[in-house]
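Okay, so here's the structure we're looking at.
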Amino acid sequence: MLFFGGDYNPEQWPEEVWAEDVALMRRAGVNIATVGVFSWSNLEPERGRYEFGWLDRVLDLLHAGGIKVALATPTASPPPWFSLAHPEALPVNADGVRLTHGSRDTYCVSSPAYRAAAREIAGRLAERYAHHPALAMWHVHNEYGTDCRCDVTAAAFRTWLRKKHGDLDALNEAWTTAFWSQRYSAWEQIMPPRTTQYLSNPAHALDFRRFLSDELLGGFVEQRDLLRAANPEVPVTTNFVQGGWVSVDHARWAEEVDIVAVDHYPDDAGPGAEEETAFAADLARGWGGGSWLLMETGPNLIYTRGRMHAKEPGRLTAHSLSYVARGSSGAMYFQWRQPRGGAELFHSALVPHAGPDTPVFREAVALGRTLRNLSEVATADPPAASVAVTWDAPSWWALQAPGLPSKDIDYLGAVRQAHRALFRAKLQTDFVFPGVATGFGDYAMIVVPHLYLVSDEAAAAFRDYVAAGGHLVVTYLSGIAEPDTRIRLGGYPGAFREILGVRVVEWHPQPSGTTITLDDGLTADRWIERVETAGAETISLYAGGPLAGAPAVTRNRYGSGSAWYVSTGLTDDSLQTLLSRVAREAGAEPVLTGLPPEVEAVRRGDLLFLFNHGSVPADVGDVVVPAGGVRIRSAVEGPAVGRG
Ligand code: GLA
């Protein structure tokens, strides 16, 4: 069975509406509802006074309707009584301002009072519902990632730092505190990064991000263990955030959840939404080691540049099937019914303000049917990819530091661009995580965009990968520093210099939008650098500008493989051209050859999903895929399928 459903907030509605909800869910084929995400003040209206009756009735009603429940712990939003009783558990921002309750996520995860209250409410829920027949999974908290810089956090940060660095000398070295007289002579002198006079220390900031990720993970693990103890059969998860909000290191968190669950909201109203969907799904599959679940997405909505964009007919279906084709165990949405009030009152829903007689609900009903017919996909192998892109949250964080050589540096943009180029080249793509696991399997090609921080172990793993026949494409800003942001000396791109056979001696960041041409016709639109070859052959030269005649793209034969270096910010088309060329040399094959440009093919198990992102019907062998539509057919009986 594929999950189909989403966030359900019966606490926002009178009970008369609940019966209609369940009837409509049944009509749409909804088989799972996420309940209770922000319901703490309804479950515990006053300290120690619990009201579980309403939740009992909701769960029983859903169960009677054949609908499973992802039951949430409500700890992402402590009630006002809690914050008033424990003002010290309210978060403090970087300016030292203590926030007031009135929204959500307004807590300090290091606060002992908050942690105790969170364990208490999670424990009560576990005790009461761990064996409820509707319970399919636990959904702990919501979108972990909240930041606090209070004094309690400071103490927890110091404990974390002691464990990581051992002694102050090591910390001072790792943080280069000899710079600007920042040397610490006692642990108590170390604060969370707060607003300061001028540029702050990047290693300090990065360690704080890592600490916060671990601290929040500690909060999750505490609840998970309680829930698991109450019934080890029920999987425990939490919904990871995807998008531009940098929250926690999900590649590390993935090891701690029973199933990786992800929220994703594309932010491009045009065809970029489909590319983002593919990106998010491929990344989630990487975190999940093959399996994952789309926990929330907007049914009928794309927020773009401060404006809501209603999805065109068929797009809800196309996006949902894209996630499923890429390994999701279902398609779930935020949210079931559009609320009458509250901060997100216009956020889209499967049942909008206008009611069920609407395009979005009708499309949901049809989608429910489609997903039921695809139920065997739930156990099918995830898509197999022969190419991969690296992802590393600490490199992202490090590249947000002040004092970088260009304000245009954009880690997420670079990773998305690499994925987009492979998507357009019709290569099924995985993600690999050199900060977490080293050893890169047998991918024919790995693309390494802006992998700024590289450990010695990861550098060795990349060397082994290429020596054994892999094809590596490294872009500028990779391999520059050790994991603590200390620069690797002797020339960029430090960790990759040997396998790339190049040495970069100077950066010339160009404003993004600059036109940069290479002698073989490739173009770039940002960043150039002075590359000296040291064994590598030059593939393209800069054709003009300050580095005219110098190498721009190089290739180095290393062991049985090859390592390419891209010293400039290629445009989308040029990156696609280059990566397609390397993929051909590496023997990586598209999912299906000869596809029209606007058609995307994904193979999961024995099924082939064909998406037509164009505005006219597309002929794909024996199948015509309508404009904006999806066709699913057997991958086994059809025309030859070149598996990547
Ligand atoms: C995430 C959150 C939801 C809601 C939506 C809005 O999915 O989990 O609570 O805020 O974003 O898009």
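Order of listing sets the numbers, starting from 1, for every ligand and every atom in it. Note: hydrogens, waters and symmetry copies are ignored here, and every other heavy atom, side chains too, is used.
Counting only residues at least two apart or on different chains, no ring-ring contact (aromatic ring centres under 6.0 Å, His included) pair has a member in residues 296-321. Among residues at least two apart or in separate chains, ring-ring contact (aromatic ring centres under 6.0 Å, His included) pairs with a member in residues 43-68 are Tyr50-Phe52.
Taking atom 12 (O) of ligand 1 as the reference point, the nearest protein heavy-atom neighbour is His347 NE2, 2.7 Å. Of all protein heavy atoms, the one closest to atom 7 (O) of ligand 1 is Glu296 OE1, 2.1 Å. Nearest to atom 4 (C) of ligand 1 among the protein's heavy atoms is Glu344 OE1, 3.3 Å. Closest to atom 9 (O) of ligand 1 among all protein heavy atoms lies Arg104 NH1, 3.0 Å.
Between Tyr107 and Tyr114, the ring planes lie parallel to each other; the angle is under 30°, not in the 30° to 60° tilted range. Using a 30° and 60° split on the angle between ring planes, Phe157 and Phe208 fall in the perpendicular class, above 60°.
Put simply, the side chain of Tyr333 does not reach to within 4.5 Å of the side chain of Asp7, judged on heavy atoms.
Looking at Tyr333, Phe38, Tyr265, Phe334, it is Tyr265 that brings a heavy atom closest to atom 11 (O) of ligand 1.
Taking every non-hydrogen atom of Asn142 and a distance limit under 4.0 Å, the qualifying atoms of ligand 1 come out as 2 (C), 8 (O), 9 (O).
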